[in-house]
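Numbering of ligands and ligand atoms starts at 1, following listing order. Every value quoted in this text rests on a predicted model; they were computed, and no experiment measured them. The first residue of the sequence shown is numbered 1, and numbering continues consecutively from there.
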Amino acid sequence: MPYPLRTPRLAISPLTTGDIPAFVAYRQDADVARWQGWDSSYNETDADELIASQPTTELPSSGGWLQLAIRDPENGTLYGDIAIHALDEFHDTFEIGVTLARSNQNRGIAREAVMRVLDHLFTSANAHRVTASCDTRNAPVTKLLTAVGMRKDSTETEVEFSKGEWITLDSYAILKTELLRSPDTVTQG
Ligand SMILES: CC(C)(COP(=O)(O)OP(=O)(O)OC[C@H]1O[C@@H](n2cnc3c(N)ncnc32)[C@H](O)[C@@H]1OP(=O)(O)O)[C@@H](O)C(=O)NCCC(=O)NCCS
């Protein structure tokens with residue numbers, strides 16, 4: 001197994017039951033949940049079920065998700081998580097989603113984690129394309145995805161009904177060839 005993936009400031013490896021208190025605490029934060037599929041009612045049972053459903057393989061099988069914890073490598077503190085989804089309708093294509101606890105935002109941690117996971121998917125998993133989908137109003141994630149070299153591929157207007165309203169989603173993507181051209185590839189720890 002390649003985990004933990006290391007960067008200068010982070011260790012990234014599958015979420016475990018030991019992460020549950022910190023994971024639930026930030027999922028219950030209304031600011032963090034604003035553009036996500038869960039809300040402040042997210043609880044320990046939800047987290048238990050999520051962790052119990054996780055694959056024990058390096059990558060999810062086709063159609064599945066793998067939830068990776070983003071941790072402080074020194075003391076194991078959970079900063080946030082990054083999820084990998086193997087799209088079943090497209091060969092060698094993965095979707096990612098990233099969340100940080102509010103106290104760990106605006107430190108460049110998401111950028112560092114996403115770059116490392118992209119590097120992992122394109123080198124170790126031989127991915128062809130990685131995508132990310134976000135509400136068009138979610139400015140921090142738009143900034144993040146652009147900063148790591150992803151580009152907006154498409155916009156689907158009012159495509160999903162979430163939290164009482166129709167939402168418009170932007171889809172971002174990066175190809176293996178595009179990452180290899182990027183000057184900012186994160187050094188492995
Ligand atoms: C999306 C999300 C992960 C982005 O987190 P973030 O902390 O804003 O992103 P980054 O790690 O890239 O941090 C970037 C900021 O840190 C600053 N920063 C501070 N120290 C830094 C460092 N050492 N290196 C790089 N950037 C640093 C940058 O300047 C940048 O600020 P700016 O945008 O004002 O220029 C976060 O907003 C989040 O968890 N939101 C809730 C969940 C969510 O909506 N997820 C998206 C679902 S698709």
Side-chain angles (χ1 to χ4, degrees), residues 5-12 15 19 22-42 46-47 50 60 65-74 77-87 93-121 129-174 179 182-189:
L5 306 175
R6 302 297 296 260
T7 74
R9 292 186 294 172
L10 308 172
I12 302 169
L15 202 70
D19 295 312
F23 182 71
V24 169
Y26 66 72
R27 281 203 163 199
Q28 288 182 344
D29 181 334
D31 276 359
V32 173
R34 174 69 186 90
W35 310 111
Q36 299 282 29
W38 70 84
D39 60 28
S40 300
S41 66
Y42 195 87
D46 297 323
L50 177 72
W65 287 86
L66 171 65
Q67 204 88 24
L68 298 173
I70 304 170
R71 297 196 187 87
D72 180 326
E74 303 301 323
T77 299
L78 185 69
Y79 290 149
D81 62 272
I82 180 161
I84 299 174
H85 177 205
L87 296 180
T93 303
F94 297 88
E95 176 186 2
I96 57 168
V98 59
T99 301
L100 292 182
R102 203 151 22 125
S103 57
N104 298 309
Q105 295 178 9
N106 296 309
R107 297 173 56 197
I109 286 175
R111 211 167 284 190
E112 196 167 311
V114 171
M115 286 299 291
R116 184 64 187 89
V117 167
L118 288 177
D119 178 58
H120 170 59
L121 290 172
R129 182 169 175 265
V130 177
T131 71
S133 173
C134 63
D135 189 297
T136 198
R137 296 164 294 180
N138 189 345
V141 79
T142 297
K143 221 174 196 181
L144 164 68
L145 297 175
T146 306
V148 299
M150 298 180 83
R151 73 200 134 61
K152 189 157 79 173
D153 244 4
S154 63
T155 300
E156 290 182 284
T157 305
E158 298 198 4
V159 64
E160 264 182 42
F161 195 75
S162 175
K163 300 183 177 173
E165 59 180 346
W166 285 103
I167 59 169
T168 296
L169 294 178
D170 285 334
S171 178
Y172 282 75
I174 185 167
L179 184 80
S182 161
D184 286 334
T185 305
V186 170
T187 313
Q188 294 185 29

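Formation of a donor-acceptor pair under 3.5 Å by the Q105 side chain with backbone atoms of L100 is found in this model. Listed for the Q67 side chain is no donor-acceptor partner under 3.5 Å among the backbone atoms of A83.
Under a 4.0 Å N-O distance rule, the pair R34/D31 does not qualify as a salt bridge. A salt bridge is absent between D135 and K163: the closest approach of a Lys/Arg side-chain nitrogen to an acidic carboxylate oxygen does not fall below 4.0 angstrom.
When all heavy atoms of W38 and R27 are compared, the pair lying nearest together is NE1-O, 2.9 Å.
Because its NZ or CZ atom is both nearer than 6.0 Å to the ring centre of Y79 and within 45° of the ring axis, R107 counts as a cation-pi partner of that residue.
Within 4.0 Å of ligand 1, protein heavy atoms belong to R9, V32, Q36, V98, T99, L100, Q105, N106, R107, G108, I109, A110, R111, S133, N138, P140, V141, K143, L144, listed by chain and number.
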